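Structure first, commentary second.
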Amino acid sequence: MSTAGKVIKCKAAVLWEPKKPFSIEEVEVDPPKAHEVRIKILATGICRSDDHVVSGALIMPFPIIIGHEAAGVVESVGEGVTSVKPGDKVIPLFVPQCGECSTCLSTKGNLCCKNDISSASGFMPDGTTRFTCKGKAVHHFVGTSTFTEYTVVHETAVAKIAAAAPLEKVCLVGCGFSTGYGAAVQTAKVERGSTCAVFGLGGVGLSVVMGCKAAGASRIIAVDINKDKFAKAKELGATDCVNPKDFTKPIHEVLMEMTGLGVDYSFEVIGHTETMAAALASVHYNYGVSVIVGVPPAAEKISFDPMLLFSGRTWKGSVFGGWKSKDAVPKLVADFMEKKFVLDPLITHTLPFLKINEGFELLRTGKSIRSVLVF
Ligand code: PAD
Ligand code: ZN
Ligand code: ZN
């Protein structure tokens, strides 16, 4: 029996308030309105950005269904949807691509003005939600919400991918892999022979390492306070691994000593203001480029010596690896299918969806890189 046009009752992991475990609840998911798509989620990764919502570092409205790194199959589409149809394999896009705003029309950027990251409204673009639980409206997360058996997204926030793609792997193209790899090859545009430093070796940081390696970097210095991350960093291309805990002096001084005048490119892939400042201070004083990938914690500010920038350094940020999402995601999945990069080393755990709280504990205790929840 077709579910199109009907409310679907299904299981979802609802966050009722910050700093609490997820509650598995029965939720009602409304049918997609015009230009919207309802997706049956089949696999979703756990990213630190999700945990930032739980911890309060990323402020979002509650109750909410979070999750943004996923893959699934289109269940039904609203009026006017032309780019996907029921049965298509798809990846939801936490950075949409509307094709009409100033960013979408420019070749310079990718953060479509229709994104709900900075605004954090928790609504669909029309200002309403498609989720209800126990009679209460439940918010969406950055236009995706994937910790649920069914979700609704706007057509500009979903990309059709190859029918043969393994969803429990390519879900990482929806965030972690693309964000890290793109920060290196797309935002920084790392060149052959350059030196790089990557601060933070989670799923995103290790993908930066992969991007630096693919770009032909001659030296990739991997920095993490958890030495258990070093073996995988080396496997993926790091030439040196440094643990700031092994030194009494600041980490940027250690990197300066290792490289002479600093690295060509550095990446902060943790989400702490101190490491953002340290990553900036670690690049070449004149032409070094430092990229912020880690999500800045709410309400925290950085004070820094402007001489660091006056002398020529560039400080920039990168959301979703600089990719124009709807165009790039199908190509990245095709590249994966052609073995142009690997995802397996990033996936340390695969768990049933209902074990979501266990998956978050693995992340918080530093035991996992990516856990993928399967439905
Ligand atoms: P993760 O928690 O798996 O990895 C972070 C790593 O940083 C861990 O290995 C930690 O041990 C390490 N770390 C923690 N503190 C320090 C420190 N002081 N010095 C060195 N290393 C440290 O996270 P992730 O890889 O899923 O995400 C990394 C960040 O990127 C996080 O802030 C997340 O919210 C952000 C992100 N940004 C985007 C984007 O579009 N810009 C997308 C996805 C994730
Ligand atoms: Zn993410
Ligand atoms: Zn746009």
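Note that ligands are numbered from 1 as they come in the structure, with each ligand's atoms numbered from 1 the same way. Quick caveat: nothing in here was measured; it's all calculated off a predicted structure.
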Any G203 heavy atom less than 4.0 Å from ligand 1 = yes
task = Measure the distances from the heavy atoms of R370 to every atom of ligand 1 and state whether one is below 4.0 angstrom.
result = yes
Verify whether one side chain among [X] and [Y] offers a donor that lies under 3.5 Å from an acceptor in the other.
X: E191; Y: Y265; value: yes
X: T44; Y: E69; value: no
X: K108; Y: T103; value: no
X: R130; Y: T128; value: yes

Nearest to [atom], what protein heavy atom do you find, and at what distance?
atom: atom 18 (N) of ligand 1; result: T275 CG2, 3.8 Å
atom: atom 5 (C) of ligand 1; result: V269 O, 3.9 Å
atom: atom 2 (O) of ligand 1; result: R48 NE, 2.7 Å
atom: atom 3 (O) of ligand 1; result: G202 CA, 3.3 Å
atom: atom 12 (C) of ligand 1; result: D224 OD2, 3.2 Å
atom: atom 38 (C) of ligand 1; result: T179 CG2, 3.5 Å

request  = Would you please classify the geometry between the F141 ring and the H68 ring as parallel, tilted or perpendicular, with 30° and 60° separating the classes?
outcome  = perpendicular
inquiry  = I'd like to know if the side chain of D88 and the backbone of K160 have a donor-acceptor N/O pair within less than 3.5 Å.
reply    = no
Side-chain donor or acceptor of D264 paired with backbone N/O of T195 under 3.5 Å = yes
remark   = On a heavy-atom basis, the closest approach of D224 and P244 is O-CD, 3.4 Å
inquiry  = My understanding is that only one of Y181, F177, F94 makes a ring-ring contact (aromatic ring centres under 6.0 Å, His included) with F320; could you say which?
reply    = F94
ask   = Under 4.0 Å from ligand 1, counting heavy atoms only, is it the side chain of V95, its backbone, both or neither?
value = neither
request  = Among V204, V208, V291, find the one that has a side chain to side chain contact (heavy atoms under 4.5 Å, CB included) with V198.
outcome  = V208
Check each atom of ligand 1 against the heavy atoms of [X] and keep those under 4.0 Å away; list them by number with element.
X: K229; result: 8 (C), 9 (O)
X: G294; result: 29 (C), 30 (O), 32 (O), 35 (C)
X: C175; result: 42 (C), 43 (C)
X: G200; result: 6 (C), 7 (O)
X: H272; result: 15 (N)
X: H52; result: 31 (C), 32 (O), 33 (C), 34 (O)
X: V319; result: 40 (O), 41 (N)
X: F320; result: 39 (C), 40 (O)

inquiry  = Is it the case that atom NZ in K232 sees more than 12 heavy atoms from other parts of the structure closer than 6.0 Å?
reply    = yes
request  = Tell me, yes or no, whether the heavy-atom count around K169 atom NZ, taken from other residues, nucleotides or ligands under 6.0 Å, exceeds 12.
outcome  = no
task = Can you figure out which of I270, V198, D228 has its heavy atom closest to atom 32 (O) of ligand 1?
result = I270
message = Heavy atom to atom 34 (O) of ligand 1, shortest distance: which of S178, S49, P244, G271 holds it?
response = S49
Polar atom proximity, [X] to ligand 1 (N or O, under 3.5 Å):
X: V204; value: yes
X: N226; value: no
X: V293; value: yes

message = Angle at the Zn ion (ligand 3), SG of C98 to SG of C112, rounded to 10 degrees, please.
response = 110°
request  = Please report the C-alpha distance between V242 and F247 in whole Å, then the side-chain angles of each, then the deciding distance to 0.1 Å, and finally whether the side chain to side chain contact (heavy atoms under 4.5 Å, CB included) criterion is met.
outcome  = CA-CA 9 Å; V242 179; F247 300 87; 3.6 Å; yes
ask   = Can you tell me if C113 has an N, O or S atom under 2.8 Å away from the Zn ion (ligand 3)?
value = no
task = Give, for atom CD1 of I8 and atom OG of S76, the distance between the pair rounded to the nearest 0.5 Å.
result = 6.5 Å
